[in-house]
Asks: 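The structure under discussion is supplied below as structure tokens; questions concerning it will follow.
A, B, ... follow the sequence lines: proteins, then strands. Residue 1 opens every chain.
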Amino acid sequence: MNNEVRQILVTSALPYANGSIHIGHLVEYVQTDIWARFQKMRGHQCLYVCADDAHGTPIMLRARQEGITPEELIARISTEHQQDFANFSIDFDNYHSTHSDENRQLASTIYQRNLERGNISLRTITQAFDPVEQMFLPDRFIKGECPKCGTGDQYGDNCEACGASYSPSELKNPVSAISGAKPTERESEHHFFKLANFEPMLRQWIRAGHLQSEVANKLEEWFEAGLQEWDISRDAPYFGFEIPGHPDKYFYVWLDAPIGYMASFKNLCDRSGLDFDQFWGRQSKAELYHFIGKDIIYFHALFWPAMLSGADFRTPTAIFSHGFLTVNGQKMSKSRGTFIKASTYLKHLNPEYLRYYFAAKLGSGIEDIDLNLEDFAQRVNSDLVGKVVNIASRCSGFIRKRFDGQLSAELAEPALFQEFINAGQSIAEHYEKREFSRTVREIMALADRANQYIDEKKPWVIAKEESKEAELQAICSMGINLFRLLIGYLRPILPATAAKSETFLQIPPLTWAELPTPLLSHAIAKFKPLMTRVEATQIEAMLNDSKEDLAARNAKQTKPHETRTEGHLAKEPIADTIEFSDFAKVDLRIARIAKASHVEGADKLLQLTLELGAGDRRTVFAGIKSAYTPEELEGKLTVMVANLAPRKMRFGLSEGMVLAAGPGGKELFILSPDEGAEPGMKVK
RNA sequence: GGCUACGUAGCUCAGUCGGUUAGAGCACAGCAUUCAUAAUGCUGGGGUCGGUGGUUCAAGUCCACCCGUAGCUACCA
């Protein structure tokens, strides 16, 4: 074993301060936390830092909508995030914010140094501008009709209906998503990071073992396309840091977000006396690892090393990317109740279950992992409750009742104990390589071995024989010692269960180095259940609760809640007054959704067969796949525009439209009539 | 459309450099057992390895094409 103490700095991606932590986020924090805890348990100096990512247009707008300052918003969200993390035993050594003095200074330093070395250029670009809000509009905040297929309400970058990509200026009838005004074009001077200056360095870097091979493959694309300049500035109004010497110009949030890793660490240094340069200086010998989702590889594997190198800081030792989380094989969905917030999960289930399940599925690759809820319950119950915890439970009774809690003075089966110790090496290697699923598999094989041992020795038979007291004590002590090793190996994954087990065993926190020393002639405490089974009803309740979360929020939106309503009205102002005759032209009818199905090849569409009674059936393509599944729509009554001119769409002819409210994505709500309405009835 | 991955038992996944009869856990069935939170042990059934074609003495593994899934496709956090 390598006894050298390593200096390791680990980060997880910074959660955006615009929403709650959900179980998808947790994959990454759990993965990082397990790895960091493992390193600490091995005796290394491992520091795990993170922060809230607090800047950008969405945060500015949300704060405005809520009628508070961005600072108030991010403070509130930060508290909430940290509470969720603490509940899941995510053990940060420091949690900070990108909206901090440390980050302002570091961002400025990094910018300044790159500027001095000719890595920043200034160029005037033309951008969409909202004349009402007096602000430039990011693509995401411009909506309009797709220039190719004519579908309305599309974002400025690509069409959700036909998949075409285009620039915002090509949209037909564009409107600002903030004010509803028609955007104008305006020129502005922007700051660009000249990524191409780093091409030789990056080409070498991405093939030097800092990245997973599939990630490096993917990045080749960018070199083939040619490295473009990266726009790192935004115009006021913007919530972020003003660029030194350039009033009303701000650093783009993605510039200062990764710098937040450094800032959080700097903040830790200032409080604890650690040496910042020892970790971030060009000559640093410390290891630096970023755990990230595969969606933000570009920022971390190209821009970030380039920025650092251009500012005379060290580059990361490695970037560890992971895949996304699906639930029951599908993307998390609010309507299915599988968009589960961390706080909702906690109301129903033990966080250790999820940590274990994620660990059991995580490898070092970037494939997505699936939370199959049935599998989740079976796996936790069988592995943790049935196998591991059960070993302590089935041995402790004898030790407690017959020997007053005292373990025997010698190991009954030193060879078996040694077998468990030997397995530790490969378990450690798998931890180190982030092959947690292999780690778990090996540990569970040992747990099976321990149960087999007890079964073989049959302590319950021996207990009935006289003069076999010593043998009984030895067998059960052996079982307890095997349990101790299993818990030791599982400790990075199950910190809370390990802590409870340490209380039961009456020992200090386990370290890897102590594992080979068995507990002999030692008193243990009374056994209390360390973990209980997952019940199907708990999972059911959690899913319902997630759905209710959504329902509650919807109710809040429809209620005349000042800020929320103002938000919607501000985004989409009430249209010009019309005459009744204009309204009468629209023939609205109650329709029954007779059939709903997915459309092959369509990302956003569902194909609906609407029944108006008397054999009148219409095929309608509706862009509501993001919010509804076909199953939940079938049989429902809704309201449709029955006399809309049929429109030829990519997948067929659409003969009308269903009415729905909401901004899109998960937040789409189709209208349904009150009880008693029948298909075909006219809405007037 | 292009690109990066993925597709193996009902479920979740292993399967290394191509090499005997494709493995594990869960679930299921039978038996044993009662120390343990209905936990444990033993035995068993279950697979056209997404499809088609190719390379090879030999293909789950390599190549091509197709189908399906996920993601990325740069001013979106």
Side-chain angles (χ1 to χ4, degrees), chain A residues 13-19 53-59 98 125 127 136 138-141 155-158 163-165 167-168 190 192 195 214-222 224-225 227-234 252-254 257 293-299 302-303 323-324 326 329-331 357 360-361 363 365-372 374-379 381-383 385-387 389-398 401 437-438 440-441 444-445 448 450-463 472 475-476 479 527-533 600:
Chain A
L14 313 186
Y16 200 53
N18 187 29
D53 180 11
H55 289 154
T57 307
I59 287 176
T98 58
I125 60 165
Q127 222 190 336
F136 285 93
D139 286 3
R140 190 167 182 87
F141 290 94
Y155 289 116
D157 41 9
N158 59 41
S165 55
S167 74
H190 275 232
F192 289 83
L195 191 61
E214 58 266 53
V215 172
N217 291 345
K218 183 68 189 166
L219 287 174
E220 291 290 349
E221 257 179 65
W222 282 48
E224 280 161 29
L227 297 179
Q228 303 296 305
E229 297 194 337
W230 180 36
D231 188 348
I232 54 166
S233 68
R234 292 295 182 272
Y252 175 42
V253 53
W254 259 113
K294 63 184 178 184
D295 53 331
I296 53 176
I297 286 170
Y298 294 130
F299 293 101
L302 290 179
F303 297 142
F324 296 131
T326 55
Q330 293 177 290
K331 270 198 257 188
Y357 191 73
K361 302 201 105 174
I366 59 168
E367 303 94 68
D368 292 350
I369 67 170
D370 183 45
L371 168 60
N372 179 297
E374 206 176 314
D375 183 54
F376 165 79
Q378 284 171 350
R379 188 124 195 198
N381 290 343
S382 160
D383 289 1
V385 184
K387 288 180 184 175
V389 163
N390 186 234
I391 295 165
S393 176
R394 66 195 303 202
C395 293
S396 65
F398 292 119
K401 280 180 231 151
S437 61
R438 289 168 193 268
V440 165
R441 219 176 311 143
M444 286 310 136
D448 285 341
N451 276 308
Q452 282 161 11
Y453 167 77
I454 297 166
D455 229 66
E456 227 167 79
K457 297 295 174 187
K458 304 193 184 347
W460 57 93
V461 173
I462 292 180
L472 177 65
I475 292 164
C476 294
F527 181 81
K528 287 183 218 150
L530 297 167
M531 190 179 275
T532 52
R533 294 170 60 84
E600 209 171 297

Asks: CG/L472(A) to CD1/I462(A) distance, rounded to the nearest 0.5 angstrom?
Replies: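 Here the rounded value is 7.0 Å.
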Asks: Got a salt bridge between D383(A) and R441(A), using NZ or NE/NH1/NH2 to carboxylate O under 4.0 Å?
Replies: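 Judged by the 4.0 Å cut-off on N to carboxylate O distance, D383(A) and R441(A) do not form a salt bridge.
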Asks: To the side chain of K387(A), which of G71(B), C72(B), C26(B) is closest?
Replies: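 The nucleotide sitting nearest to the side chain is C26(B).
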Asks: Suppose you measure atom C1' in A24(B) against the same atom in G47(B); what distance do you get, rounded to whole Å?
Replies: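 Their C1' atoms lie roughly 14 Å apart.
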Asks: Could you tell me whether D370(A) and K361(A) make a salt bridge, using a distance below 4.0 angstrom between a side-chain N and a carboxylate O?
Replies: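 Not counted as a salt bridge, because no side-chain N and carboxylate O are separated by less than 4.0 Å.
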Asks: Could you check whether any side-chain heavy atom of W230(A) comes within less than 4.5 Å of a side-chain heavy atom of L302(A), counting everything from C-beta outward?
Replies: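 Not in contact.
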Asks: Provide, to the nearest angstrom, the distance between the CG atom belonging to D448(A) and the P atom belonging to G25(B).
Replies: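 Taking CG of D448(A) and P of G25(B), I get 7 Å after rounding.
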Asks: Please give the distance between the P atoms of C28(B) and C11(B) as a whole number of Å.
Replies: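 Roughly 15 Å separates the two P atoms.
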Asks: Say we look at U56(B) and G18(B): how far apart would their C1' atoms be, to the nearest angstrom?
Replies: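 These two C1' atoms come out 9 Å apart once rounded.
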Asks: Taking the minimum atom-to-atom distance to the side chain of I454(A), which one of C35(B), G71(B), A36(B) wins?
Replies: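 Nearest to the side-chain atoms of I454(A), counting from C-beta on, is C35(B).
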Asks: Using the C1' atom as the point on both nucleotides, what is the distance between C66(B) and C76(B), in whole Å?
Replies: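 Each nucleotide's C1' atom is 34 Å from the other's.
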Asks: Sort me out a list of protein N/O and nucleotides 4-11 of chain B N/O pairs below 3.5 Å, or just none if empty.
Replies:
unit_1	atom_1	unit_2	atom_2	d
A5(B)	OP1	N217(A)	ND2	2.4

Asks: For the pair made of CG in L302(A) and C1' in C72(B), what is the distance, rounded to whole Å?
Replies: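 From L302(A) CG to C72(B) C1': 13 Å.
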Asks: Is the glycosidic angle of C65(B) within 90° of 0, making it syn, or outside that range, making it anti?
Replies: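 The base of C65(B) is oriented anti (glycosidic angle more than 90° from 0).
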Asks: If you check the F303(A) side chain, which of A74(B), G41(B), C13(B) turns out closest?
Replies: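 Looking only at heavy atoms from C-beta outward on F303(A), the closest nucleotide is A74(B).
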Asks: Enter the distance from I475(A):CD1 to K457(A):NZ here, rounded to the nearest 0.5 Å.
Replies: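 Going from CD1 on I475(A) over to NZ on K457(A), the span is 6.5 Å.
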Asks: Look at all strands and tell whether L530(A) reaches a base, only sugar-phosphate, or nothing, counting heavy atoms closer than 4.0 Å.
Replies: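 Contact class for L530(A): base.
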Asks: Looking for any heavy atom pair under 4.0 Å, which part of the strands does V385(A) touch: base, sugar-phosphate only, or nothing?
Replies: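 Contact class for V385(A): base.
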Asks: Using purine N1 to pyrimidine N3 plus N6-O4 or O6-N4 for Watson-Crick, or N1-O2 and O6-N3 for G-U wobble, each under 3.5 Å, what pairs with C76(B)?
Replies: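 Across any shown strand, C76(B) pairs with none.
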Asks: Between N or O atoms, less than 3.5 Å apart, protein on one side and nucleotides 61-64 of chain B on the other: list the pairs.
Replies:
none

Asks: When we call it a touch if two heavy atoms are under 4.0 Å apart, what does M531(A) touch: a base, just sugar-phosphate, or nothing?
Replies: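 Touches a base.
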Asks: If you check the Y298(A) side chain, which of U37(B), U34(B), U73(B) turns out closest?
Replies: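 Minimum distance to the Y298(A) side chain belongs to U73(B).
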Asks: Counting any heavy atom closer than 4.0 Å, what does G397(A) reach on the DNA or RNA strands: base, sugar-phosphate only, or nothing?
Replies: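 Nothing, no nucleic acid heavy atom in range.
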Asks: Any base atoms under 4.0 Å from D368(A), or only sugar-phosphate, or nothing? Heavy atoms, all strands.
Replies: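 Sugar-phosphate, backbone atoms only, no base.
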Asks: Figure out the CZ/P separation between R379(A) and C13(B), and round it to whole Å.
Replies: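 One finds 9 Å between P of C13(B) and CZ of R379(A), rounded.
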Asks: First locate atom CG of N372(A), then atom CZ of R379(A), and finally report the distance between them rounded to the nearest 0.5 Å.
Replies: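 Rounded to the nearest 0.5 Å, the CG-CZ separation comes out at 11.0 Å.
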Asks: For RNA chain B, whose closest nucleotide is more 5', that of F299(A) or that of N451(A)?
Replies: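 In this pair, the answer is N451(A).
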Asks: Between C57(B) and U48(B), how far apart are the C1' atoms? Round to whole Å, please.
Replies: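 The same atom, C1', in both gives a distance of 23 Å.
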Asks: Checking base pairs now: Watson-Crick or wobble, both atom distances under 3.5 Å. What partners U33(B)?
Replies: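 The answer is none; no pair meets the criterion.
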Asks: Whole-Å distance between G71(B) C1' and I369(A) CD1?
Replies: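 Going from CD1 in I369(A) over to C1' in G71(B) covers 15 Å.
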Asks: Give, for atom CE of M531(A) and atom OG of S393(A), the distance between the pair rounded to the nearest 0.5 Å.
Replies: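 M531(A) CE to S393(A) OG: 13.5 Å, rounded to 0.5 Å.
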Asks: Looking at every strand, decide which applies to P459(A) at a 4.0 Å heavy-atom threshold: base, sugar-phosphate, or nothing.
Replies: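 Result for P459(A) = nothing.
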Asks: Between C17(B) and G30(B), how far apart are the C1' atoms? Round to whole Å, please.
Replies: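 The answer is 42 Å between these two C1' atoms.
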Asks: Would you please classify the geometry between the H190(A) ring and the F136(A) ring as parallel, tilted or perpendicular, with 30° and 60° separating the classes?
Replies: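 F136(A) and H190(A): perpendicular rings.
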Asks: Which value, rounded to the nearest 0.5 Å, describes the distance between I454(A) atom CD1 and Q452(A) atom CD?
Replies: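 Taking CD1 in I454(A) and CD in Q452(A), the distance rounds to 10.5 Å.
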Asks: Taking a pair as Watson-Crick or G-U wobble with both distances under 3.5 Å, which nucleotide is matched to G23(B)?
Replies: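 Here G23(B) is engaged in a pair, and the nucleotide opposite it is C13(B).
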Asks: Counting only N and O atoms by type, is there a donor-acceptor contact under 3.5 Å from the side chain of T98(A) to the main-chain atoms of A54(A)?
Replies: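 Yes: the side chain of T98(A) pairs with the backbone of A54(A).
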Asks: Considering every strand shown, what is the Watson-Crick or G-U wobble mate of A38(B) when both distances are under 3.5 Å?
Replies: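 Check on A38(B): unpaired, no WC or wobble geometry under 3.5 Å.
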Asks: Taking CD from Q452(A) and C1' from U43(B), how many angstroms apart are they, rounded to a whole number?
Replies: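 Atom-to-atom, Q452(A) to U43(B), this comes out as 14 Å.
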Asks: Would you classify V389(A) as touching base, sugar-phosphate or nothing, given that sugar-phosphate means primed atoms plus P, OP1 and OP2, and contacts are heavy atoms under 4.0 Å?
Replies: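 Base, at least one base heavy atom under 4.0 Å.
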Asks: Which is true for K361(A) with a 4.0 Å heavy-atom rule: it touches a base, it touches only sugar-phosphate, or it touches nothing?
Replies: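 Sugar-phosphate contact only.
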Asks: Need to verify one output field. Residue with the more 5' nearest nucleotide on RNA chain B, R394(A) or A360(A)?
Replies: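 So the residue in question is A360(A).
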Asks: C49(B) pairs with which nucleotide, Watson-Crick or G-U wobble, both distances below 3.5 Å?
Replies: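 Across any shown strand, C49(B) pairs with none.
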Asks: How many whole angstroms separate atom CE of M444(A) from atom P of G41(B)?
Replies: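 Distance check: M444(A) CE to G41(B) P gives 13 Å.
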Asks: Please determine, for G68(B), whether a Watson-Crick or G-U wobble partner exists with both distances under 3.5 Å, and give it or none.
Replies: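 Matched G68(B) with C6(B) under the 3.5 Å cut-off.
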Asks: Would you mind reading off the distance between K294(A) atom NZ and C72(B) atom P, rounded to a whole angstrom?
Replies: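 Atom NZ in K294(A) sits about 8 Å away from atom P in C72(B).
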Asks: When you compare G7(B) with U52(B), how far apart are their C1' atoms, in angstrom units rounded to a whole number?
Replies: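 That atom pair is separated by 16 Å.
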Asks: What is the base-pairing partner of U56(B), counting Watson-Crick and G-U wobble geometry with both distances under 3.5 Å?
Replies: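 Its partner: none found.
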Asks: Reckon Q228(A) touches a base, only the sugar-phosphate, or nothing at all at heavy-atom distances under 4.0 Å?
Replies: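 Base, at least one base atom sits under 4.0 Å.
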Asks: Measuring only the C1' atom in each nucleotide, how far is C6(B) from G19(B)? A whole number of Å is fine.
Replies: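 Approximately 26 Å lies between the C1' atom of C6(B) and that of G19(B).
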Asks: From C-beta outward on R438(A), which listed nucleotide comes closest to its side chain: A14(B), G41(B), C76(B)?
Replies: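 Among the listed nucleotides, the one closest to the side chain of R438(A) is A14(B).
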Asks: Measure CD/E374(A) against C1'/C26(B) and give the value in whole Å, please.
Replies: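 It is 10 Å, rounded to the nearest whole Å.
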Asks: Just to be sure I understand the rule, does F376(A) reach a base, reach only the sugar-phosphate, or reach nothing, if contact means heavy atoms closer than 4.0 Å?
Replies: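 If one applies the 4.0 Å heavy-atom cut-off, F376(A) turns out to touch nothing in the nucleic acid.
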Asks: Rounded at 0.5 Å granularity, tell me how far CD1 in I232(A) sits from CZ in F192(A).
Replies: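 Taking CD1 in I232(A) and CZ in F192(A), the distance rounds to 9.5 Å.
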Asks: Looking only at side-chain atoms of R533(A), point me to the closest of C76(B), U33(B), A39(B).
Replies: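 Among the listed nucleotides, the one closest to the side chain of R533(A) is A39(B).
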